Protein chains: 2
Amino acid sequence: MIFSKSCVYGLRAMIYLASISREGYVSIKGLSEKLDISFHFLTKILQELTADDLLESMKGPKGGVRLSKSGGEITLKEVVKAIDGPGIFTECVLGLPGCGSEKPCPMHDMWEGTRDKINDVFTTTSLQDMSKEGKAKDLRITPDGQFIWG
Amino acid sequence: MIFSKSCVYGLRAMIYLASISREGYVSIKGLSEKLDISFHFLTKILQELTADDLLESMKGPKGGVRLSKSGGEITLKEVVKAIDGPGIFTECVLGLPGCGSEKPCPMHDMWEGTRDKINDVFTTTSLQDMSKEGKAKDLRITPDGQFIWG
DNA sequence: TATATTTAAGATAAAATTGTCTTAAAACTT
DNA sequence: AAGTTTTAAGACAATTTTATCTTAAATATA
C-alpha cells in the first residue's frame with residue numbers, strides 16, 4: 001500500500017467534502033457513517049487536516065468540518081503531506097538520509113524521474129478534480145458499493 | 001516511506017550481492033555487519049527471498065547465501081514483490097479492492113500512468129544495473145558512510 | 001441558564017511491523 | 001564421530017500504526 005490507512009481515509013473524506021457545498025459544516029459522525037470509517041479514528045485524522053488548515057472545524061450542534069478553501073484550491077499533495085508527511089515526494093527509495101543529486105544512492109537516478117512524476121500528478125490534481133470525476137461518473141470512494149454522492 | 005524497512009534492507013542486500021562473485025556463499029552474519037542491519041532480522045528477510053528462489057542458501061561452514069541467477073537477470077521488481085508483495089505495482093491508491101479500468105475509483109485514471117511508470121522502472125532495472133552504478137561511482141547503500149564495495 | 005450536540009484531546013487496546021533471542025537442522029572440519 | 005559453523009524456524013519483545021473509549025471544551029438551542 002502506497003499510503004497509510006490514515007492517509008487513504010483522509011483522501012476519501014476530503015474528496016467527498018469537495019463534492020458538497022462548503023456553506024455549512026458536516027458532522028464527522030455523518031461523514032464516518034457515509035464513508036464507513038470508524039468515527040473516532042476519522043476524527044483524529046481530520047484533526048490533523050484541521051491543524052494543517054486544510055479543514056475548518058466547529059464544535060456544537062450545527063458543527064462539524066468543512067474545507068477551508070474551495071476544492072479546486074486544495075491539491076492531493078497537500079492532503080498526503082498533512083497525514084503521511086512529504087516523504088513519498090522527496091525521500092530516497094533505499095531510505096538513505098541526505099540522498100540527492102550531490103550525494104546519490106545507486107537507485108537515485110532510476111527513481112528520481114518517477115518520484116517527480118508522482119509529485120507532479122499530486123501537485124496538479126485538486127480535490128475538485130477528483131470529486132467531479134467521481135460524481136460525474138458515479139464512482140465509489142469506499143470499498144463497498146454503498147457510498148452515494150451528494 | 002514508499003517501501004517497508006524489510007524491503008529496503010532486502011534491496012540493499014540484493015544490490016550488494018549483485019556486486020560480488022556468485023562463486024561462493026556469503027554469510028548472513030558478514031552481510032549484516034557490512035550493511036549494518038540486525039543479523040536475525042536480515043536472516044528473516046533473506047529467507048523470504050530464498051523461498052522466492054531469488055537467493056540460494058547453504059548451511060554450515062562455507063555456507064551462506066548467493067543470488068540464484070546473475071544480477072542482470074533479477075529485476076528490482078522481483079525483490080520488492082517477494083518482500084512487500086505486488087501491491088505498489090497493482091493497487092488502487094484509495095485502497096479499493098477491484099479498482100480497475102472497468103470499475104475505477106476517482107483517482108484511478110490520474111494514478112494509473114504513474115503506477116505504470118513505477119512498474120516500468122522496477123521491471124526494466126536489474127540488480128546488476130544498480131550494483132554497477134553504485135560500484136562504479138562508489139555510492140553508499142547504507143545510511144552511514146562506512147559501507148565499502150567489493 | 002441548562003441541556004444537548006459536537007469537536008478536541010488523551011488514555012487504552014488491538015494489530016502489524018520491526019527487532020531480538022533461543023533452539024533445531026544441516027554441512028563442513030578435524 | 002564429534003565439534004563447529006551456519007541457515008531455518010519459532011518464540012518473544014519493542015515499536016508503530018490502527019482503532020476504541022472516555023472525558024473535556026465549545027457552541028447552539030430551548
Side-chain angles (χ1 to χ4, degrees), chain A residues 1-13 17 23-68 80 82-85 87-88 94-95 143, chain B residues 1-13 17 23-68 80 82-85 87-88 94-95 143:
Chain A
M1 207 184 240
I2 180 116
F3 298 126
S4 72
K5 272 198 160 188
S6 294
C7 191
V8 167
Y9 292 162
L11 282 168
R12 292 183 193 165
L17 286 171
E23 283 294 303
Y25 292 91
V26 177
S27 82
I28 301 177
K29 190 82 174 61
L31 254 185
S32 75
E33 283 162 7
K34 184 137 191 125
L35 298 172
D36 198 28
I37 301 171
S38 144
F39 165 63
H40 288 99
F41 194 38
L42 182 60
T43 297
K44 276 197 178 174
I45 296 163
L46 299 189
Q47 274 171 26
E48 296 183 67
L49 295 171
T50 303
D52 230 58
D53 288 323
L54 298 178
L55 288 178
E56 289 171 352
S57 71
M58 178 139 97
K59 295 176 179 176
K62 300 257 177 179
V65 295
R66 69 180 177 201
L67 298 187
S68 63
V80 170
I83 300 174
D84 274 358
I88 194 165
L94 286 182
Chain B
M1 208 187 242
I2 180 116
F3 298 126
S4 71
K5 274 197 160 189
S6 295
C7 190
V8 166
Y9 292 162
L11 282 168
R12 292 184 194 165
L17 287 171
E23 284 294 302
Y25 291 91
V26 177
S27 82
I28 301 178
K29 190 83 175 63
L31 254 185
S32 75
E33 284 162 6
K34 183 134 190 128
L35 298 173
D36 198 28
I37 302 171
S38 146
F39 165 63
H40 288 99
F41 194 36
L42 181 59
T43 297
K44 275 195 181 174
I45 296 163
L46 299 189
Q47 274 172 24
E48 296 183 66
L49 296 170
T50 303
D52 230 58
D53 287 323
L54 298 178
L55 288 178
E56 289 171 353
S57 70
M58 176 137 97
K59 295 177 179 174
K62 301 255 177 180
V65 295
R66 68 180 179 203
L67 297 186
S68 63
V80 171
I83 301 175
D84 274 357
I88 194 165
L94 286 182

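Throughout, protein chains are lettered first and strands after them, A, B, ... in sequence-line order, and every chain is numbered starting at 1. Everything numeric in this text was worked out from a predicted model, so none of it was measured.
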So, is [X] near the phosphate of [N], with a side-chain N or O under 4.0 Å from OP1 or OP2?
X	N	answer
B:K59	C:dA24	no
A:Y9	D:dA19	yes
B:S57	D:dA8	yes
A:K5	D:dA19	yes

Counterpart residues, side chain to side chain donor-acceptor pair (under 3.5 Å), relative to A:S4 (two or more places apart):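 For A:S4 the side chain to side chain donor-acceptor pair (under 3.5 Å) partners, ignoring immediate neighbours, are A:D84.
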For the pair made of [atom1] in [X] and [atom2] in [N], what is the distance, rounded to whole Å?
X	N	atom1	atom2	result
B:M1	C:dT18	CE	C1'	12 Å
A:I83	D:dT17	CD1	C1'	14 Å
B:Y25	D:dA8	OH	P	11 Å
A:I28	C:dA9	CD1	P	11 Å
A:K62	C:dA4	NZ	P	19 Å
B:M58	C:dA27	CE	C1'	7 Å

First encountered from the 5' end of DNA chain D, between B:K29 and A:D84: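 The residue whose closest nucleotide sits nearer the 5' end is B:K29.
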Min side-chain heavy-atom separation B:F41-B:S6 under 4.5 Å: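 Answer yes - side chains close enough.
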A:V80 vs A:F3 side-chain heavy atoms within contact, under 4.5 Å: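 Yes - at least one pair of side-chain heavy atoms lies under 4.5 Å apart.
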Selection from C:dG19, C:dT18, D:dA28 that lies nearest to any side-chain heavy atom of B:S4: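 Among C:dG19, C:dT18, D:dA28, the one nearest the side chain of B:S4 is C:dT18.
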Value rounded to 0.5 Å, distance of CG in A:L54 from CG in A:L67: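 Result: 8.5 Å between the selected atoms.
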Interatomic distance, A:R66 atom CZ to A:E23 atom CD [nearest 0.5 angstrom]: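 Those atoms lie 8.5 Å apart.
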Positions of residues 34-53 of chain A (non-hydrogen atom under 4.0 Å from DNA chain D), listed by number: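 Within this stretch, A:S38, A:H40, A:F41, A:K44 sit under 4.0 Å of the strand.
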Minimum heavy-atom distance A:R12-A:P143, with the two atoms named: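 Where A:R12 meets A:P143 most closely, the heavy atoms are NH1-CD, 3.5 Å.
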Closest non-hydrogen atom pair between A:L46 and A:A13, with its separation: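 Smallest heavy-atom distance, with atoms named: CD2-CB, 4.1 Å.
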Residue met sooner reading DNA chain C from 5', once B:S6 and A:G64 are mapped to nucleotides: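 So the residue in question is A:G64.
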